[in-house]
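Notes for the one structure printed next.
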4 protein chains.
Amino acid sequence: MMNTCIHIEKKSQEEAYITSYRYMELKEEEEKVVDISLKELAKKLEDFAKARDWEKYHSPRNLLLAMVGEVGELSEIFQWRGEVEKGLPNWEESDKEHLGEELSDVLLYLVRLADICGIDLAQATTNKILKNSIKYPPNPLQS
Amino acid sequence: MMNTCIHIEKKSQEEAYITSYRYMELKEEEEKVVDISLKELAKKLEDFAKARDWEKYHSPRNLLLAMVGEVGELSEIFQWRGEVEKGLPNWEESDKEHLGEELSDVLLYLVRLADICGIDLAQATTNKILKNSIKYPPNPLQS
Amino acid sequence: MMNTCIHIEKKSQEEAYITSYRYMELKEEEEKVVDISLKELAKKLEDFAKARDWEKYHSPRNLLLAMVGEVGELSEIFQWRGEVEKGLPNWEESDKEHLGEELSDVLLYLVRLADICGIDLAQATTNKILKNSIKYPPNPLQS
Amino acid sequence: MMNTCIHIEKKSQEEAYITSYRYMELKEEEEKVVDISLKELAKKLEDFAKARDWEKYHSPRNLLLAMVGEVGELSEIFQWRGEVEKGLPNWEESDKEHLGEELSDVLLYLVRLADICGIDLAQATTNKILKNSIKYPPNPLQS
């Protein structure tokens with residue numbers, strides 16, 4: 001469904017003038033490795049809320065409860081499956097896509113919640129990993 | 001407590017030879033804006049688990065339940081406070097630091113869960129924001 | 001919708017032979033105070049699962065994740081409302097009914113989870129209240 | 001730990017005058033099947049809060065977040081165990097007791113949340129089971 005939406009948007013943007021050159025260009029873009037930083041995400045979500053006049057809804061506890069709601073939706077994907085193997089070997093492609101969406105929803109509310117609270121999540125996470133690495137020293141046999 | 005740990009580590013690394021030059025250098029580093037991308041985070045967490053022989057514990061449902069545990073700890077910070085204002089104007093510094101740690105814990109398990117499931121979270125999140133922007137067009141009065 | 005369903009069932013059960021006497025009887029029953037114990041609930045849910053051959057799905061972690069899913073749905077009801085007053089003075093009747101259903105869903109999975117784990121929830125809860133009353137002695141000014 | 005507390009309380013109540021007759025009486029009481037209804041639970045929790053002047057903290061969203069906190073603690077018990085068998089055959093007695101406490105904590109906040117919202121949980125749950133039994137008719141092969 002998501003791909004359909006994106007496809008429709010692309011079609012409406014491009015319509016008649018699309019050429020095989022343009023098509024190659026788009027495909028290349030899709031195949032590029034996508035990455036995004038925590039600060040970029042926070043900025044995108046702030047712009048998103050501003051552009052929709054949604055800032056008034058984004059109080060800390062509203063965002064927290066919205067995140068708990070998404071954690072619930074994420075759990076529903078796993079609830080009747082018994083133990084699930086790494087890499088989800090027997091899952092339908094549509095279930096994996098659904099999973100990607102629910103993971104994203106949790107992330108989006110989490111990043112927004114941190115930002116609204118004035119917490120620098122990139123800094124806090126970097127600190128937490130360092131703290132954990134001191135608390136749990138690496139197994140010398142593994143390195 | 002976290003700062004103490006970091007401080008101790010720095011001290012043990014540097015001990016006697018620290019000079020005012022080196023001190024300036026470290027301070028500069030601290031003042032740099034820290035950012036981290038979702039793919040960098042996933043890689044760090046994979047290395048972290050490998051170095052501790054923890055990969056055997058990182059099944060999808062184990063990580064999901066660990067994340068739910070951290071969401072619980074995050075909720076406990078907000079539970080008896082009534083409505084909380086943006087920016088947490090009246091919070092103790094130590095409570096904000098605690099909040100940063102719990103937000104980070106949720107993030108770390110979320111990123112690890114996605115990775116173990118073979119989901120490209122950076123791609124999924126980028127797609128989800130695009131999908132949302134189509135589903136909820138911006139308010140023309142806001143732009 | 002729920003009331004409609006119940007109404008339909010009642011109709012199909014009673015059909016032609018319903019008399020005004022029977023109607024009065026049913027209405028009386030509806031007006032009686034309903035209560036249910038934890039052991040009655042556990043028994044009802046066991047029978048419910050047996051009658052549908054659902055016992056095979058009811059492993060501890062499946063039920064736990066199903067409960068987390070329902071906690072998410074419960075949170076969604078509260079997520080964009082800001083602080084909510086006791087008694088929900090300004091809520092629509094349909095929202096209250098929805099809330100009653102989501103609270104019930106959490107309870108049903110919780111009771112079933114305890115039962116499947118072999119935990120006597122009535123005993124555990126009675127113990128926990130006693131333990132709490134020792135840990136937090138009553139305020140002498142309140143009694 | 002819980003048993004210790006209960007034991008201490010009993011001791012302080014009884015102290016010197018305990019006789020073998022009284023001991024038999026207490027033991028009998030312990031062996032009785034304990035059950036508790038949802039309305040009894042709601043009443044106990046209301047009295048508990050009143051006696052401690054805690055009613056001011058018991059707003060709907062405070063209680064909801066407290067419940068999410070307890071769901072997190074419950075999940076932590078299950079997080080690194082992989083699939084868990086019904087009846088918890090290989091669990092330590094102390095882990096089962098801990099589990100009973102966390103299940104109780106979720107229940108206590110859930111019952112209190114419903115009560116503070118003015119929702120009759122016994123009625124809502126009875127309705128929900130009826131609704132579910134209509135939505136999912138029993139498997140005729142099972143009965």
Side-chain angles (χ1 to χ4, degrees), chain A residues 2 5-6 9 34-39 41 44 48 50-53 59-61 64 67-68 71 74-75 78 83-84 86-88 96 99-101 103-108 110 113-114 116-134 136 138-139 141-143, chain B residues 2 5-6 9 34-39 41 44 48 50-53 59-61 64 67-68 71 74-75 78 83-84 86-88 96 99-101 103-108 110 113-114 116-134 136 138-139 141-143:
Chain A
M2 187 174 56
C5 290
I6 297 169
E9 199 210 37
V34 169
D35 200 3
I36 191 162
S37 79
L38 292 176
K39 285 203 167 41
L41 259 180
K44 256 181 200 283
F48 197 97
K50 269 188 184 152
R52 282 152 188 85
D53 199 18
S59 68
R61 302 222 309 183
L64 174 56
M67 196 193 79
V68 173
V71 169
L74 180 56
S75 297
F78 288 95
E83 210 43 43
V84 165
K86 293 186 187 194
L88 317 178
K96 287 188 196 176
L99 175 57
E101 290 196 37
L103 289 163
S104 301
D105 283 336
V106 177
L107 180 63
L108 297 178
L110 180 68
L113 169 60
I116 281 296
C117 289
I119 302 290
D120 181 337
L121 189 57
Q123 180 71 71
T125 298
T126 304
N127 289 351
K128 195 61 180 14
I129 292 174
L130 178 56
K131 190 178 173 180
N132 285 345
S133 73
I134 294 166
Y136 307 104
N139 184 340
L141 300 175
Q142 297 307 115
S143 52
Chain B
M2 186 172 59
C5 291
I6 296 169
E9 200 209 38
V34 171
D35 200 3
I36 191 162
S37 79
L38 292 176
K39 286 202 165 42
L41 259 180
K44 258 180 199 283
F48 196 97
K50 271 189 182 149
R52 283 151 187 84
D53 200 18
S59 67
R61 300 221 309 184
L64 174 56
M67 195 192 80
V68 174
V71 170
L74 179 57
S75 297
F78 288 96
E83 210 43 41
V84 165
K86 295 187 187 194
L88 318 177
K96 285 189 197 176
L99 175 58
E101 290 197 37
L103 289 163
S104 299
D105 283 336
V106 177
L107 180 63
L108 297 178
L110 180 68
L113 170 60
I116 281 295
C117 289
I119 301 291
D120 182 337
L121 189 57
Q123 180 71 71
T125 298
T126 305
N127 288 350
K128 195 60 179 18
I129 293 173
L130 178 56
K131 191 177 171 181
N132 285 345
S133 73
I134 293 166
Y136 307 104
N139 184 340
L141 299 176
Q142 296 308 114
S143 52

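Throughout, a chain's letter reflects where its sequence line sits, starting with A, and its residues are numbered from 1. Here the structure is a predicted model, which is why all the values come from computation and not from measurement.
- Applying the salt bridge (Lys or Arg N to Asp or Glu O under 4.0 Å) criterion to B:Lys96, with sequence neighbours excluded, gives no partner residue.
- Distance check, rounded to the nearest 0.5 Å: CD of A:Glu101 to CG of A:Asp105 gives 7.0 Å.
- Residues that satisfy the side-chain contact (heavy atoms from CB on, under 4.5 Å) test with B:Thr126, not counting sequence neighbours, are A:Val34.
- Of the candidates A:Leu121, A:Leu110, A:Ile119, B:Ser104 forms a side-chain contact (heavy atoms from CB on, under 4.5 Å) with just one, namely A:Leu121.
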Steps toward side chain to side chain contact (heavy atoms under 4.5 Å, CB included) verdict (A:Leu38, B:Leu41): CA-CA 10 Å; A:Leu38 292 176; B:Leu41 259 180; 4.2 Å; yes

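- Most heavy-atom pairs under 4.5 Å with chain A: of the set B:Met67, B:Glu83, B:Arg61, this distinction falls to B:Arg61.
- If you measure heavy-atom distances from A:Leu108 to chain B, the contacts under 4.5 Å come from the side chain alone.
- The part of B:Leu64 that comes within reach of chain A is its side chain, from C-beta onward, which places non-hydrogen atoms under 4.5 angstrom from that chain.
- When the candidates B:Gly87, B:Gly118, B:Cys117, B:Gly100 are compared by the number of heavy-atom contacts under 4.5 Å with chain A, B:Cys117 comes out ahead.
- Of the two parts of B:Phe48, only the side chain, counted from C-beta on, holds a non-hydrogen atom closer than 4.5 Å to a non-hydrogen atom of chain A.
- Between chain B and the options A:Ser37, A:Ala114, A:Ser59, the largest number of non-hydrogen pairs under 4.5 Å is found for A:Ser37.
- The nearest pair of heavy atoms linking A:Ser133 to A:Leu130 is OG-O, 2.7 Å.
- Heavy-atom pairs under 4.5 Å with chain B were tallied for A:Thr125, A:Leu107, A:Asp35; the largest tally goes to A:Asp35.
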